[in-house]
There are 2 protein chains.
Amino acid sequence: MKRYWVPALERADQILTLIAYEPARNRLIDLSKQLGINKSSMFTLLNTMESLGWIVKEKDDTYSLGSSFGALGAAYFRQFNLLKFFHVEAPASTHRVGETIQFAVLEGRDIIYLAKEESPAPIRVAADPGMRFPAHATSLGKALLTQYSYEQLKQLFPEPLLEAKTPHTITQLDQLWLQLQQTYEQGYAIDEQEAVSGFFCIAAPILNHRNEIIAAVSFTMMEAAWLDKFELAKEEIVSLARRLSQRAGAMIL
Amino acid sequence: MKRYWVPALERADQILTLIAYEPARNRLIDLSKQLGINKSSMFTLLNTMESLGWIVKEKDDTYSLGSSFGALGAAYFRQFNLLKFFHVEAPASTHRVGETIQFAVLEGRDIIYLAKEESPAPIRVAADPGMRFPAHATSLGKALLTQYSYEQLKQLFPEPLLEAKTPHTITQLDQLWLQLQQTYEQGYAIDEQEAVSGFFCIAAPILNHRNEIIAAVSFTMMEAAWLDKFELAKEEIVSLARRLSQRAGAMIL
DNA sequence: CCTTTTGGTTTAATATAATAAACCAAGTTT
DNA sequence: AAACTTGGTTTATTATATTAAACCAAAAGG
């Protein structure tokens, strides 16, 4: 049993996740059955969440997310002041290279995508703001993880093997460590089909005025574009990261 | 005491609201004191919320919102498919009239702002996505409330007087009802300094294929612009609402 | 350097939440 | 038309959460 735990919050989280995944689809009895929660418990949970604005009950008795998540979601993204500047600076870089740019921060050992500037390229990875992904398997994550020492890395990844997202994903911690050192020296990180088969990414870290890594940006593209535009993408992503770092440096946090 | 209530969710909501308002500012003891929650209860609440990704603990032991709200916030806005089209259609209207456009839906007797297209006008109302405001005091709300009968209106607003946000706000239900009828007939709603002193708004409703009102859009401007551009703004907001209604009509909901 | 204060963590006793069972209304089946 | 099923709602009993008190480490004050 988990220590210092509030089971009602865990249940609410499960309910919200299901409703977020399928809004206007599930009634009380559906949620009760799918989550294995007694329907009288479900009744009081839904009643409370509805009163708090976390969910709304549709006309057909199904539930959708409520405006509290509009407000909390907006507040969450507002925590990252740099996003405004990203939206100002990124379009020029996307236009210059012709590929999608992602912006992410580190949370634990995952990256959280916070924003993206999409290019007209026909195919793109479904990484939307708010989504998370294992850091070690992405160029964004490698750029962000360079802030840790080897000891800190071992604490973050205590398991013997790292999770493989594709056959190309690094699974040995020492391998990751070597790549992080290389990333640090050269100022950018790459992942070649480590996160998603068929996709290649190059990322650069954004630093604040104390030289702390606070976020990262990356280009994502397919192999043909990768072979054709690697040098251009490298220059542009480093340049974009530098411009954003200058913006971050000017900010009073 | 509230019936069918889960106090832990209410407490979590209070904590999240405080953290959203002041991220990276409050530690456990600060939250405990401000919310009047015992610090050992606060400890288990924060521990659970942190594990669920609702909040993150910063290096100085203060708390900020966690990536779950990035994901849930994004999911909340995704529930409104029309937002994509709003972002496509609205820039032309903003450019044509030179004023900010808001997009909102009705939730109970409040409107929820979901999106806006800002103009370069120097002054604008701080109504951000996720925020709510009393419907009766806004042009957006009046456009949305026309879907109700007089009886339904009385059920929605049972108090003797409606809340006055400025000295110009309508406070009599019958007055509101007359304006809603007028709004229905002319196809647009206005509020002249009812929501915020000094600001004038004109809104039009968006309908789906079943002729149901699902959202509304509005221009907001100051008095000089209002006198100068009223006819242009009226034509453009009705036109934008019609284009979005056509988009809504084509959508399989 | 010693004492006090503060913030966070842990635990046993007390207070309260969760749920099994019952009830109810509406819809479906026979 | 009667019987049955379903989904939502209510309540008393049982299980579990909450918290007062204690503990601990670190920082502040004398």
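Everything quoted here is computed from the prediction, not taken from an experiment. Each chain gets a letter, A, B and so on, in the order the sequences are listed, and its residues count up from 1.
In this structure, A/L9 atom CG and C/dA17 atom P are separated by 14 Å, rounded to whole Å. Protein atom CG of B/L45 is 12 Å distant from nucleotide atom P of D/dA17, rounded to whole Å. What separates CD of B/Q34 from P of C/dG7 is a distance of 12 Å, to the nearest Å. Rounded to whole Å, the distance from CE on B/M42 to P on C/dT10 is 17 Å. Whole-Å rounding puts the A/N26 CG to D/dG7 P distance at 12 Å. A straight line from CZ of B/F43 to P of D/dC24 spans 16 Å, rounded to a whole angstrom. What separates CD of A/E10 from P of D/dA17 is a distance of 11 Å, to the nearest Å. Atom CZ of B/R3 and atom P of C/dT16 are 19 Å apart (whole Å).
Residues B/N47 and A/W5 bring no donor and acceptor atom of their side chains to less than 3.5 Å of each other. Side-chain contact, A/S67 with B/R132: a donor N or O sits under 3.5 Å from an acceptor N or O. Using modelled atom types and a 3.5 Å distance limit, the side chains of B/E58 and B/S64 yield a donor-acceptor pair. Donor-acceptor pairing under 3.5 Å is recorded for the side chains of B/Q152 and B/S149.
Here the nucleotide nearest the side chain of A/Y4, chosen from D/dG8, D/dT11, C/dT10, is C/dT10. When distances run from any side-chain atom of B/D61 to the nucleotides C/dA18, C/dG8, C/dT10, the shortest one goes to C/dG8. Listed nucleotides D/dG8, C/dG7, D/dT18 differ in distance to A/L28; the shortest reach to its side chain belongs to D/dG8. Of the candidates D/dT11, C/dT10, C/dG8, the closest approach to any side-chain atom of B/I29 belongs to C/dG8.
Contacts of B/A215 classified as side-chain contact (heavy atoms from CB on, under 4.5 Å), with partners at least two apart in sequence or in another chain: B/F103, B/V105, B/I206.
Comment: A/E212 does not engage B/K59 in a salt bridge, judged by the lack of any side-chain N to carboxylate O separation of less than 4.0 angstrom.
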Reading nucleotides 21-26 of chain C from the 5' end, what letters show protein touch, with B for base, S for backbone sugar-phosphate only, - for no heavy atom under 4.0 Å? ------

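Residue whose closest nucleotide on DNA chain C sits further toward the 5' end, between A/T44 and B/R27: B/R27. Take the nearest nucleotide of DNA chain D for A/K57 and for B/I37: the residue whose nucleotide is more 5' is A/K57.
Exactly one of B/Y150, B/Y148, B/F157 qualifies for a ring-ring contact (aromatic ring centres under 6.0 Å, His included) with B/W177. That residue is B/Y150.
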